[in-house]
Protein chains: 2
Amino acid sequence: MDLVPREEPEAADPRQRLLNAAYRVFAEKGLQGARTRDIAARAGVNLAMLHYYYRSKEELYAQVLTPLYREVFSRLDSVLSGPGDPRDRLEAAVSVYFDFLKRYPSLPRLVMWELASGAQVLRGVFAGLLDPASGSLFHHFRRLFQEGREQGIFRDTPPEQAIISTVALIIFPFAARDLLTAALPGVADQPEFIERRRRHVLDLLMRGLGEEGHNP
Amino acid sequence: MDLVPREEPEAADPRQRLLNAAYRVFAEKGLQGARTRDIAARAGVNLAMLHYYYRSKEELYAQVLTPLYREVFSRLDSVLSGPGDPRDRLEAAVSVYFDFLKRYPSLPRLVMWELASGAQVLRGVFAGLLDPASGSLFHHFRRLFQEGREQGIFRDTPPEQAIISTVALIIFPFAARDLLTAALPGVADQPEFIERRRRHVLDLLMRGLGEEGHNP
DNA sequence: GTCTATATCCTGATAGAC
DNA sequence: GTCTATCAGGATATAGAC
């Protein structure tokens, strides 16, 4: 947990300061665009130390992303496989992500770079999570929608499409925040945007996927 | 229209071949990751010619993206401001994008790179489109949802949120296609995926945004 | 562990002959 | 318009003193 970069100014350990700085620089510029000099400078650490602790830029990149992904997935997993009816579980899963967003505002942008470049690190983390015994994130998600359908709460929607839509609705606006601010001034640049967005996403999903007559 | 890159193998004009190659390389690697040498090589054109026709890598990048954005926006604009009830217009707008996707499969990835890096080109095109007289894309979109609400077709949803969600649902899955293929094998890697996705998006939007009792 | 200095490679861009 | 050759700058990464 100590390896997880925080968006906090101070940190004692130079290893941690490098991770914090790398988190910010990678979010801004991506893996290719980031300069190891910048990261070292922002961390207040000598450039040579960056290579001493983390062999290469790519390894540092992976060390920044992997713990973040792991933590999100772990929390999602426990919420999705937990108790509660499908509706509540979906709502909890969405909220997990939005809460995470408050702690790591740059995460969507980081994910965006990853996706554009082929998502190698993310795919690696996924591969490590594919526990054939318990199934995984997607298994839980699928089960959620199937149960919901059996109980007459959700309509008959392909679970894969529902999963994709859920993720898209959550991640996209925050990754595209710069554009939104330019195109729709006064929307995404407000502090209340996260909460507004959370409510809208939940509403859209519940109504869009839910069986009529089961809406709050 | 000749400047719009096509994903076709052959082209006579070296200018056009450079645009075609640049379209592919930029989609794969992004602006920073792309190498002018690669683009020239893929185009079968000498590296010096790339700089002869397009002064810099950045200018080539802009020349690839601008016509694409312009065309999408122009088509969306005419569909959104056209006749038909709000429901039909929304459906037509979504379809415009999906049709475009069939011609330019790499466009979402290109957009993804843009968004991650701050969307400078996209914002430039937007600024050029902001015709204060006629309003613009977003104006039409807003009007669509407002009309729909007045007619009792759409529920009372913040138009900005509806716009964001529409774009997110359409773009995201195709930009994240590599990841989806890894995480959900047999879903996004099928040729029917575009059509499946189109149907799901329309269904989700209509039910999610529509007033109950107005669903087909 | 920390620093300075530097090797080595690669990149975008151009000069200049044809 | 097209090519070869090359420049100048900047990048990652390391060697080696302390």
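Note on naming: letters A, B, ... go to the chains in the order of the sequence lines (proteins, then strands), and numbering restarts at 1 for each one.
Put simply, CG on L18(B) is 13 Å from C1' on dG1(D), counting in whole angstrom units. When rounded to the nearest whole Å, the span between CG of L47(B) and C1' of dT4(D) equals 11 Å. One atom, OH of Y61(A), and another, C1' of dA11(D), lie 19 Å apart when rounded to the nearest Å. Here the C1' atom of nucleotide dA13(C) and the CG atom of N46(B) are 13 Å apart, to the nearest Å. Here the C1' atom of nucleotide dT14(D) and the NZ atom of K57(A) are 17 Å apart, to the nearest Å. Separating the CD1 atom of I39(A) from the P atom of dA13(D) is a distance of 11 Å, rounded to the nearest angstrom. Atom NE2 in H51(B) sits roughly 14 Å away from atom C1' in dT6(D) (whole-Å rounding). D38(B) places its CG atom 13 Å from the P atom of dC10(C), with the value rounded to the nearest Å.
Listed by chain and residue number, nothing satisfies the salt bridge (charged side-chain N to carboxylate O under 4.0 Å, His left out) test with R123(B) (two or more places apart in sequence, or in another chain). Residues passing the side-chain hydrogen bond (donor to acceptor under 3.5 Å, both in side chains) test with H51(B), sequence neighbours excluded: none. With sequence neighbours excluded, no residue forms a side-chain hydrogen bond (donor to acceptor under 3.5 Å, both in side chains) with N46(A). With sequence neighbours left out, F154(B) forms a ring pair (Phe, Tyr, Trp, His ring centres under 6.0 Å) with F145(B). For S95(A), the side-chain hydrogen bond (donor to acceptor under 3.5 Å, both in side chains) partners are R198(A), not counting sequence neighbours.
Each ring pair (Phe, Tyr, Trp, His ring centres under 6.0 Å) pair with one or both residues in residues 61-80 of chain A, not counting sequence neighbours, appears once here: F26(A)-Y61(A), F73(A)-F126(A).
Listed candidates were dG1(C), dA13(D), dA13(C). Nearest to the side chain of M49(A) is dG1(C). Nearest nucleotide to the side chain of Y53(A), out of dA13(C), dA13(D), dG1(C): dG1(C).
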Set out, line by line, the N/O atom pairs under 3.5 Å between protein and nucleotides 16-18 of chain D.
none

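Nearest-nucleotide positions on DNA chain C place P14(A) closer to the 5' end than the other of P14(A) and R55(B).
Side-chain atoms of S165(A) and R197(B) include a donor-acceptor pair closer than 3.5 Å.
Here the CG-CG distance, from L122(B) to L68(B), works out to 11.5 Å after rounding to the nearest 0.5 Å.
Of the residues in residues 28-36 of chain A, those with a non-hydrogen atom less than 4.0 angstrom from any atom of DNA chain D are A34(A), R35(A), T36(A).
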Just list the side-chain donor-acceptor pairs under 3.5 Å for residues 169-190 of chain A, sequence neighbours left out, or say none.
from	atom 1	to	atom 2	distance (Å)
R177(A)	NE	A188(A)	O	2.8
R177(A)	NH2	A188(A)	O	3.0
T181(A)	OG1	R177(A)	O	2.9
D189(A)	OD1	G186(A)	N	3.1
D189(A)	OD1	V187(A)	N	3.1
D189(A)	OD2	G186(A)	N	3.4
Q190(A)	OE1	R196(A)	NH1	3.1
Q190(A)	NE2	G186(A)	O	3.0

